[in-house]
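Contents: one structure, followed by commentary.
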Amino acid sequence: GAVVSQHPSWVICKSGTSVKIECRSLDFQATTMFWYRQFPKQSLMLMATSNEGSKATYEQGVEKDKFLINHASLTLSTLTVTSAHPEDSSFYICSARDLRDTDIQYFGAGTRLSVL
Amino acid sequence: RKEVEQDPGPFNVPEGATVAFNCTYSNSASQSFFWYRQDCRKEPKLLMSVYSSGNEDGRFTAQLNRASQYISLLIRDSKLSDSATYLCVVNKRDSSASKIIFGSGTRLSIRP
């Protein structure tokens, strides 16, 4: 199946710093990528839809100034958690849809963020 | 009411047993359906797509019932490695865009 690479897989940072997470589709082009957050023992929560060449669409309750999304190419989307706080500690997962088959999402391996 | 609903479980069954999960969806505009599997602290991985005619992949069988708006997953001869959370995923499309909606997942634990 298609491969989505997410980096870093794990990050620990101090409160107040910003963290950037990259999501790359390695063998296909993706006009749309998605960013999810998952707290322990809870379901995936869609944060935003990242559209190549345009602004991201954020879900209700997700602060766009806090979670900056950039989708500058067909294979790369980035999520920056600005001024991170301990409550932002979570598992962040990206996914991408192949242009050729937009019904299936392929997931990155996730980024575990711990804010001290 | 959630757009996609699943029994959270956990289902705790012995190795070798057959286990089935259902998932209901509320929007009749939903057009494609999937089961994903998520292991603890890992990303979801596509298990199988679900078609009206039903589809089978080894020990796994998926069914779609559009009239009653539910999909099912049947696992036969369950293995210890089947222990995971199973996510029901529904894709609905309208004239402007498609939206993928995840259920909250059903936890399955296979015991020796």
Side-chain angles (χ1 to χ4, degrees), chain A residues 1-10 21 23-25 28 30-52 54-60 89-99 101-114, chain B residues 2-10 21 23-25 27 29-52 55 57 62 64 71 83-109:
Chain A
V3 178
V4 174
S5 171
Q6 188 172 340
H7 178 81
S9 57
W10 188 34
I21 304 170
C23 182
R24 292 180 186 272
S25 57
F28 65 99
T31 54
T32 305
M33 292 185 176
F34 302 89
W35 288 97
Y36 295 86
R37 181 166 53 183
Q38 187 174 36
F39 293 105
K41 297 188 178 181
Q42 294 189 25
S43 58
L44 287 170
M45 186 188 80
L46 178 65
M47 298 175 66
T49 302
S50 170
N51 303 299
E52 187 266 336
S54 65
K55 291 183 180 179
T57 304
Y58 289 82
E59 296 298 304
Q60 194 171 10
S89 300
S90 187
F91 189 46
Y92 292 85
I93 311 175
C94 73
S95 71
R97 286 203 296 221
D98 192 332
L99 273 179
D101 183 352
T102 57
D103 281 356
I104 295 178
Q105 285 191 59
Y106 299 96
F107 285 85
T111 297
R112 194 158 302 281
L113 172 63
S114 296
Chain B
K2 292 181 182 177
E3 288 195 74
V4 177
E5 293 209 61
Q6 293 183 249
D7 182 341
F21 315 133
C23 165
T24 58
Y25 60 96
N27 193 317
S30 302
Q31 294 187 315
S32 51
F33 309 86
F34 309 91
W35 284 103
Y36 278 74
R37 169 197 169 126
Q38 185 176 23
D39 292 288
C40 188
R41 301 170 80 87
K42 299 281 189 181
E43 77 279 17
K45 292 187 177 175
L46 179 64
L47 182 64
M48 58 199 308
S49 303
V50 189
Y51 307 113
S52 297
N55 50 311
D57 182 3
L64 165 64
I71 69 173
S83 298
T85 296
Y86 290 83
L87 303 169
C88 167
V89 179
V90 171
N91 183 39
K92 65 175 184 179
R93 221 176 274 154
D94 59 26
S95 57
S96 59
S98 66
K99 186 173 181 181
I100 294 178
I101 303 165
F102 281 80
S104 55
T106 298
R107 284 173 51 208
L108 172 66
S109 178

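Proteins get letters first, then strands, A, B, ... in listed order; numbering begins at 1 in each.
For Gln38(A), the part lying near chain B is the side chain, with the backbone staying farther off; criterion is any non-hydrogen pair under 4.5 Å. Looking at Arg107(B), there are no atoms closer than 4.5 Å to chain A (heavy atoms on both sides), in backbone or side chain. Residue contact with chain B, scored on non-hydrogen atoms closer than 4.5 Å, involves the side chain of Phe91(A) exclusively.
Residue-environment remark: CZ (Phe39(A)) exceeds the threshold of 12 foreign heavy atoms within 6.0 Å.
Of all heavy-atom pairs spanning Gln105(A) and Tyr36(B), the tightest one is O-OH, 2.6 Å.
With sequence neighbours excluded, the residues that form a side chain to side chain donor-acceptor pair (under 3.5 Å) with Arg37(B) are Asp39(B). With sequence neighbours left out, Ser32(B) forms a side chain to side chain donor-acceptor pair (under 3.5 Å) with Asp103(A), Asn91(B).
Between Ser43(A) and Thr85(B) there is no side-chain heavy-atom pair separated by less than 4.5 Å.
In the model, Glu43(B) has no side-chain atom that pairs as donor or acceptor with a side-chain atom of Gln6(A) under 3.5 Å.
Interatomic distance, CD1 of Ile100(B) versus CD1 of Ile104(A), reported as 9.0 Å (0.5 Å rounding).
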